[in-house]
Amino acid sequence: MAKNDSGNWEKSPFIICFGEILIDFVPTVSGVSLAEAPAFKKAAGGAPANVAVGIARLGGSSAFIGKVGDDEFGHMLSKILKSNNVDNSGVRFDTGARTALAFVTLRADGEREFMFYRNPSADMLLKESELDLNLIKKGSIFHYGSISLIEEPCRSTHLAALKFAKKEGLILSYDPNLRLPLWPSADAAREGIKSIWEYADVIKVSEQEISFLTGGEDPYSDEVVYNRLFHANLKLLVVTEGENGCRYYTKKFHGRVGGFRVKAVDTTGAGDSFVSGLLIHLASNPDLYKDEKKLKEALVFANACGAITVTGRGAIPSLPTKEAVLDFIPKGNEQPHCLCLIS
């Protein structure tokens with residue numbers, strides 16, 4: 001992402017986000033169980049949808065492909081995408097299944113635990129015949145997670161969309177976004193997440209996901225990342241590290257970028273906000289991974305996106321604007337130590 005001659009930020013090329021969109025019910029107070037929560041705040045969520053809105057909020061251009069129920073929540077979510085300047089022409093409605101719901105428990109430190117209602121939910125039922133391939137063709141980046149790999153027919157649809165995007169020359173961006181309670185078993189989750197690993201050009205993982213995917217190996221080891229997670233076609237792997245910001249790995253260099261000091265209220269959507277901040281830079285500069293200085297600048301911006309998001313409740317309601325991020329980053333990109341951040 002760069003400024004043009006008039007001093008305005010240039011519009012990013014089109015970024016397509018594929019997967020789930022749902023309703024998060026977030027408790028109005030932290031540090032209590034779901035049963036103890038006095039009330040819940042309704043918020044649009046779902047990692048790929050969060051990324052799509054995050055990109056648009058930052059001044060980029062994005063679309064979302066997925067499925068919701070033909071119910072009030074589903075139509076509300078589709079309208080939220082549109083009202084946030086996300087292309088929702090790839091959204092499909094299912095008359096036989098409800099829109100997915102998730103109740104989120106907030107611990108005192110803002111970290112989350114989830115209870116999902118998907119039995120099945122509409123997002124799991126997207127068919128390959130319902131894909132808008134012309135919409136994917138317009139993209140420069142195709143971003144996705146792993147939840148759409150759990151059940152058929154969405155798994156086959158995901159694979160078809162991913163392979164089509166690859167054939168069309170889009171950059172493939174993967175955030176596994178592990179949600180273990182949704183998978184039949186830990187082994188199924190590990191196998192499912194790794195089943196499409198080799199397709200991705202860009203991967204974002206958390207330190208916890210490294211431990212899970214490697215069977216408990218040291219998530220802070222550069223050797224583990226390169227030997228166990230980096231593959232021949234991968235251009236960039238980013239590890240988000242909570243209070244320590246993030247690490248980055250390419251074929252030629254690796255390093256760390258610090259985070260920002262904020263008080264965490266709700267970490268829901270922080271990682272998605274981080275991804276939005278990274279992808280909007282990558283869309284404008286596809287060779288970003290080759291220039292360490294520019295990559296670090298992009299990651300400072302992405303860290304700031306995540307930090308701002310954790311200061312509000314709910315994912316989409318808390319995603320920042322480009323102006324908010326630029327105002328938040330200290331002049332000269334000084335990076336105070338982070339108390340919370342991205343998972």
Side-chain angles (χ1 to χ4, degrees), residues 1-3 9-17 47-62 64 84-86 140-145 171 173-175 177 201-206 235-242 244-248 255-262 264 267-286 288-289 291-312 315-330 333-336 338 340-343:
M1 191 166 60
K3 287 186 178 179
W9 291 89
E10 296 175 353
K11 191 97 169 165
S12 290
F14 211 25
I15 301 172
I16 311 296
C17 300
N50 293 342
V51 173
V53 174
I55 289 163
R57 200 73 63 80
L58 294 170
S61 181
S62 64
F64 175 77
N84 280 281
N85 299 313
V86 176
S140 61
I141 297 175
F142 185 75
H143 175 74
Y144 49 90
I171 296 170
S173 165
Y174 186 22
D175 177 1
N177 193 39
D201 299 296
V202 176
I203 295 175
K204 174 260 177 195
V205 291
S206 69
K235 296 178 174 66
L236 173 65
L237 187 146
V238 179
V239 181
T240 52
E241 281 192 348
N244 294 316
C246 67
R247 285 177 281 152
Y248 57 89
R256 180 186 299 276
V257 175
F260 295 91
R261 184 179 297 273
V262 296
T267 59
T268 306
D272 305 324
S273 186
F274 175 95
V275 171
S276 300
L278 175 59
L279 292 187
I280 200 169
H281 282 79
L282 185 64
S284 294
N285 180 8
L288 181 68
Y289 65 96
D291 186 324
E292 188 168 14
K293 181 175 182 292
K294 289 183 178 178
L295 176 60
K296 290 177 75 170
E297 290 172 355
L299 292 172
V300 169
F301 185 90
N303 276 343
C305 290
I308 293 170
T309 300
V310 305
T311 62
I316 286 177
S318 304
L319 296 171
T321 63
K322 169 191 64 185
E323 291 76 18
V325 178
L326 295 177
D327 287 343
F328 178 85
I329 298 173
N333 289 347
E334 293 89 1
Q335 299 167 55
C338 174
C340 65
L341 206 51
I342 302 152
S343 59

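Side-chain atoms of Arg247 never come within 3.5 Å of backbone atoms of Val239 as a donor-acceptor pair (strictly under, hydrogens ignored). The backbone N or O of Ile316 lies less than 3.5 Å from a partner atom in the side chain of Arg57, making a donor-acceptor pair. A donor-acceptor pair is defined here as one N or O able to donate and one able to accept, closer than 3.5 Å; such a pair exists between the side chain of Thr311 and the backbone of Ile308. Proximity of a side-chain donor or acceptor of Ser173 to a complementary backbone N or O of Phe142 within less than 3.5 Å is not detected. Of the possible polar contacts, none joining the Asn84 side chain to the Val86 backbone as a donor-acceptor pair under 3.5 Å is found. Within the 3.5 Å criterion, the main-chain N or O of Val310 finds no donor-acceptor partner in the side chain of Thr267. Although no hydrogens or angles enter the test, the distance criterion places a donor-acceptor pair under 3.5 Å between the side chain of Asn303 and the main chain of Gly258.
The minimum heavy-atom distance between Phe260 and Pro330, with the atom names listed, is CE2-CD, 3.5 Å. Contact between Gly269 and Ala315 at its shortest, heavy atoms only, is CA-CB, 3.8 Å. In terms of heavy atoms, Gly277 sits closest to Cys305 at CA-SG, 4.0 Å. Nearest heavy atom pair, residue Ala304 against residue Ile329, reads CB-CG1, 3.7 Å. Of all heavy-atom pairs between His143 and Val275, the closest is CE1-CG1, 3.6 Å. Gly54 approaches Ser276 most closely through the heavy-atom pair CA-OG, 3.5 Å.
In this structure, OG on Ser62 lies 10.5 Å from CG on Leu279, to the nearest 0.5 angstrom. A distance of 5.0 Å separates CG in Leu295 from CG in Leu288, rounded to the nearest 0.5 Å. To the nearest 0.5 Å, atom NZ of residue Lys235 and atom CD1 of residue Ile203 are 11.5 Å apart. How far CZ of Phe274 is from OG1 of Thr240: 6.5 Å, rounded to the nearest 0.5 Å. Between atom CG of residue Asp327 and atom OG1 of residue Thr321 there is a gap of 8.0 Å, rounded to the nearest 0.5 Å. Taking CG of Leu278 as the reference point, atom CG of Leu236 lies at 6.0 Å (rounded to 0.5 Å).
The closest side-chain heavy-atom distance from Val205 to Asp175 is not below 4.5 Å. Between Phe301 and Val325 the shortest side-chain heavy-atom distance falls below 4.5 Å. Two residues are said to be in side-chain contact when any heavy atoms from C-beta on lie closer than 4.5 Å; Ser61 and Pro13 fail this criterion. For the pair Ile171/Pro286, a side-chain contact is recorded, criterion being any heavy-atom separation below 4.5 Å from C-beta on. A heavy-atom distance below 4.5 Å is found between the side chains of Leu299 and Val238. A heavy-atom distance below 4.5 Å is found between the side chains of Thr309 and Pro320. Two residues are said to be in side-chain contact when any heavy atoms from C-beta on lie closer than 4.5 Å; Asn50 and Phe64 fail this criterion.
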* Asked: Checking side-chain contact (heavy atoms from CB on, under 4.5 Å) for the pair Lys294/Asn285: CA distance, chi angles, key distance, verdict?
  -> CA-CA 9 Å; Lys294 289 183 178 178; Asn285 180 8; 3.9 Å; yes
* Stepwise salt bridge (charged side-chain N to carboxylate O under 4.0 Å, His left out) check, Lys296 with Glu292 -> CA-CA 6 Å; Lys296 290 177 75 170; Glu292 188 168 14; 5.3 Å; no
